[in-house]
Amino acid sequence: MATVAELKAVLKDTLEKRGVLGHLRAKMRAEVFNALDDQGEKPPPLSHENLLINELIREYLEFNKYKYSASVLTAESGQPVMPLERQFLIKELNIYEDSNAETV
């Protein structure tokens with residue numbers, strides 16, 4: 001029969017492999033941030049420039065599989081939940097997309 005410590009270790013390992021533990025940690029960090037945040041002070045409105053900058057950061061985070069960090073960024077910044085279309089970003093920022101580059 002397995003000990004409690006062994007069961008805890010197997011459960012932790014399983015949750016880490018499924019990504020659940022990372023998601024819970026990110027959610028907990030976001031909730032702690034929200035609890036500590038001064039509710040009387042409204043965040044500044046999201047400017048067009050900041051919207052684009054945040055979207056580029058989110059694109060980077062998601063490209064590198066930092067999905068929990070991306071979800072915290074979205075929650076804290078007031079960024080829309082639905083990402084902007086990649087082609088819109090390319091046009092707005094007047095950038096060249098390498099045809100060999102991998103996409104998210």
Side-chain angles (χ1 to χ4, degrees):
M1 181 171 234
T3 67
V4 173
E6 291 171 332
L7 290 174
K8 283 173 65 174
V10 169
L11 180 60
K12 181 181 176 188
D13 186 51
T14 301
L15 292 175
E16 281 179 345
K17 285 181 182 174
R18 292 184 180 173
V20 174
L21 203 53
H23 178 65
L24 291 173
R25 287 179 179 142
K27 181 70 173 161
M28 188 181 310
R29 279 187 217 105
E31 290 301 325
V32 167
F33 176 80
N34 286 337
L36 296 175
D37 192 23
D38 182 8
Q39 297 299 322
E41 185 179 329
K42 290 185 177 182
L46 194 58
S47 70
H48 179 72
E49 292 80 11
N50 283 350
L51 176 79
L52 293 175
I53 292 167
N54 290 345
E55 196 60 40
L56 286 173
I57 294 169
R58 176 171 34 193
E59 173 94 11
Y60 164 79
L61 293 172
E62 289 178 356
F63 179 83
N64 288 290
K65 309 285 190 263
Y66 302 139
K67 56 186 173 182
Y68 307 120
S69 298
S71 69
V72 171
L73 170 71
T74 303
E76 291 179 1
S77 67
Q79 193 78 359
V81 176
M82 291 299 298
L84 299 175
E85 291 185 23
R86 186 178 184 94
Q87 292 305 315
F88 174 78
L89 283 176
I90 290 169
K91 183 179 176 190
E92 276 294 299
L93 299 171
N94 195 28
I95 57 176
Y96 171 76
E97 184 176 26
D98 185 359
S99 61
N100 295 326
E102 294 181 28
T103 58
V104 179

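As the structure is a computational prediction, the values presented were derived from the model and not from experiment.
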What distance separates Ser69 OG from Arg29 CZ, expressed to the nearest 0.5 Å? 7.5 Å
Connected-component partners of Met82 among ILVMFWY, side-chain separation under 4.5 Å: none
Please report the shortest heavy-atom distance between Ala70 and Arg58, naming the atom on each side. CB-CG, 4.4 Å
Pairs where residues 45-54 contributes a residue and the test side-chain hydrogen bond (donor to acceptor under 3.5 Å, both in side chains) is met, not counting sequence neighbours: His48-Glu92, Asn54-Gln79
Apart from Leu46 itself, what residues make up its hydrophobic cluster, given side-chain heavy atom links below 4.5 Å? Leu51, Leu52, Leu56, Leu84, Phe88, Leu89, Ile90, Leu93, Ile95
Which residues share a side chain to side chain contact (heavy atoms under 4.5 Å, CB included) with Val20, sequence neighbours left out: Leu15, Arg18, Leu24
Hydrophobic cluster mates of Leu61, side-chain heavy atoms under 4.5 angstrom, ILVMFWY only, any path? Ile53, Ile57, Tyr60, Tyr66, Leu73
Which residues, ordered by chain and number, are linked to Val4 in its hydrophobic cluster, where ILVMFWY side chains connect at heavy-atom gaps below 4.5 Å, directly or through other members? none
If you measure from CG on Asn64 to CD on Glu59, what distance do you get to the nearest 0.5 Å? 10.0 Å
Approximate separation, where rounding is to 0.5 Å, of Lys12 NZ and Leu7 CG: 15.0 Å
Can you name the nearest heavy-atom pair linking Ala26 to Tyr68, along with the distance? CB-CB, 3.4 Å
